[in-house]
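Here is the structure we will look at, set down as structure tokens.
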Amino acid sequence: MGYGLKKLSLALSTVVIAYLLMYSGTKFDPADVQDKKVLITGASSGIGEQMAYHFAKMGANLVLTARREHRLKEVVERCKKLSPKPTANHAYIVADMRELDKTKNVITYSVDSLKGLDILVLNHARISVSNMWFGSQQNLTDMAMEMDINFRSYVQLASHALPHLLKSKGRIAFVSSTAEKVPVPGMAVYTASKHAIQGFFGVLRQEMVMRNTGVSVTSCIVGGTRTENVMELFKQKFGEEKLKGLNFADPTAVALEIVKATVARQYEVFTSSDKWSSILMFLGKISPEFADQVTLKVLFE
Ligand SMILES: *[C@@H]1O[C@H](CO)[C@@H](O)[C@H](O)[C@H]1NC(C)=O
């Protein structure tokens, strides 16, 4: 074996061992979910809706929030049917995360309704995929709004929830995206917002450890997933034919992966994803420049 090869295999085994050590301690036990007080944002459809069903089935108490009341009502009804506990609490509060001053109401309502808070799942997002950045006034105005929804509301919700999570030694999960790892044209602000939450919650996680709070923070890196919203957006962007070739993941499976990782207090989870996001993320670790070139080739040619 040449010297370079030896070094490479040593590096690889170190990575594998470190990975195994990191994840050997994280075991998911569904019993841990029983009677937990959970708030999920963006819960009227997609991955958030599916997370609500998983949590409900495992006996959690829930508050769901989103913009569309009629959808929230339906999801809450279904949670009640799925719950093994006749006394479980399932409620919703309508909120538009553009209105940052409403984030406090959402937390106050949740804590009142659930009598505390154990798990905060930050999942809502505005996704825009098909507009390039030209630096127009419109772009700047939209950017401010999108950062409010995708970033600042996350910080506000976590901040208002923090005193309650400190009491319960609770858990925070935030949904990030493979977009954070691989730059895709047409997604500048969405991508920036995912970097922003990753940065913010990465530091918050460190501070939680440093202060010995027992509060865990789980980053959930979600790739192409077959939710209504995303399918509609990507159909417009790439066309039906290309979309089929991308092999998007099932939202129910993705939601379960997030629930398990959060409950197990995992550091991060890469959920099942479309084929190309997985490949590009892997390439991105080796050579981001090459991954960028491949992105343009596979998605836009
Ligand atoms: C930026 O503004 C231009 C012109 O107003 C528009 O065509 C484009 O779609 C906008 N891009 C984004 C990301 O909104």
Side-chain angles (χ1 to χ4, degrees), residues 41-42 44-48 66-68 95-103 122-157 174-201 219-246 248-249 251 254 271 273-274 276-281 283-284 288-301:
T41 72
S44 62
S45 68
I47 298 170
R67 283 174 306 169
R68 294 173 294 180
D96 186 339
M97 292 301 166
R98 221 179 301 205
E99 297 163 44
L100 293 176
D101 55 339
K102 302 282 167 64
T103 54
L122 298 166
N123 160 72
H124 66 275
R126 178 189 162 88
I127 309 183
S128 41
V129 297
S130 36
N131 298 323
M132 287 221 243
W133 185 262
F134 295 112
S136 66
Q137 189 50 50
Q138 189 60 44
N139 291 166
L140 296 170
T141 309
D142 291 348
M143 181 267 290
M145 185 252 297
E146 201 164 322
M147 287 303 276
D148 281 355
I149 299 171
N150 290 3
F151 171 60
R152 293 177 68 200
S153 73
Y154 274 49
V155 174
Q156 297 231 0
L157 288 161
F174 67 94
V175 175
S176 187
S177 163
T178 53
E180 193 248 325
K181 310 279 179 192
V182 183
V184 177
M187 302 184 75
V189 179
Y190 178 76
T191 302
S193 71
K194 291 305 188 190
H195 275 261
I197 54 172
Q198 195 73 51
F200 178 85
F201 285 99
S219 358
C220 311
I221 320 287
V222 171
T225 305
R226 245 180 294 124
T227 63
E228 284 165 55
N229 287 348
V230 165
M231 289 314 268
E232 200 40 55
L233 285 169
F234 278 71
K235 215 191 291 169
Q236 288 163 20
K237 185 179 170 106
F238 298 113
E240 202 122 16
E241 214 35 54
K242 191 139 214 169
L243 195 57
K244 270 189 211 134
L246 293 177
F248 276 30
V254 169
T271 63
S273 171
D274 63 291
W276 278 108
S277 292
S278 313
I279 294 171
L280 291 170
M281 270 203 304
L283 286 182
E289 189 177 354
F290 180 58
D292 276 11
Q293 290 163 3
V294 177
T295 303
L296 292 186
K297 276 229 163 351
V298 297
L299 293 178
F300 296 91
E301 272 179 19

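These values consider heavy atoms only, across backbone and side chains, with no hydrogens, waters or symmetry-generated copies. Each residue takes its place number in the sequence, starting with 1. Counting starts at 1 for both ligands and their atoms, following the listed order.
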ask   = Step by step, would you call L157 with H124 a side-chain contact (heavy atoms from CB on, under 4.5 Å)?
value = CA-CA 12 Å; L157 288 161; H124 66 275; 3.9 Å; yes
message = A side-chain contact here means heavy atoms from C-beta on lying under 4.5 Å apart; do Q198 and I221 qualify?
response = yes
Is there any protein N/O under 3.5 Å from an N/O of ligand 1, and what does the full list of such pairs look like?
residue, atom, partner, partner atom, Å
ligand 1, 2 (O), S136, OG, 2.8
ligand 1, 2 (O), N139, OD1, 3.2
ligand 1, 2 (O), N139, ND2, 2.4
ligand 1, 5 (O), S136, OG, 3.4
ligand 1, 11 (N), M132, O, 2.7
ligand 1, 11 (N), N139, ND2, 2.8
ligand 1, 14 (O), N139, ND2, 3.3

side-chain hydrogen bond (donor to acceptor under 3.5 Å, both in side chains) involving N123 - partner list, sequence neighbours excluded = none
query = Are a donor atom and an acceptor atom from the side chains of N139 and S136 found within less than 3.5 Å of each other?
reply = yes
task = Just jot down the salt bridge (Lys or Arg N to Asp or Glu O under 4.0 Å) partners of E180, sequence neighbours excluded, or say none.
result = none
With sequence neighbours excluded, residues passing ring-ring contact (aromatic ring centres under 6.0 Å, His included) with F201 = F174
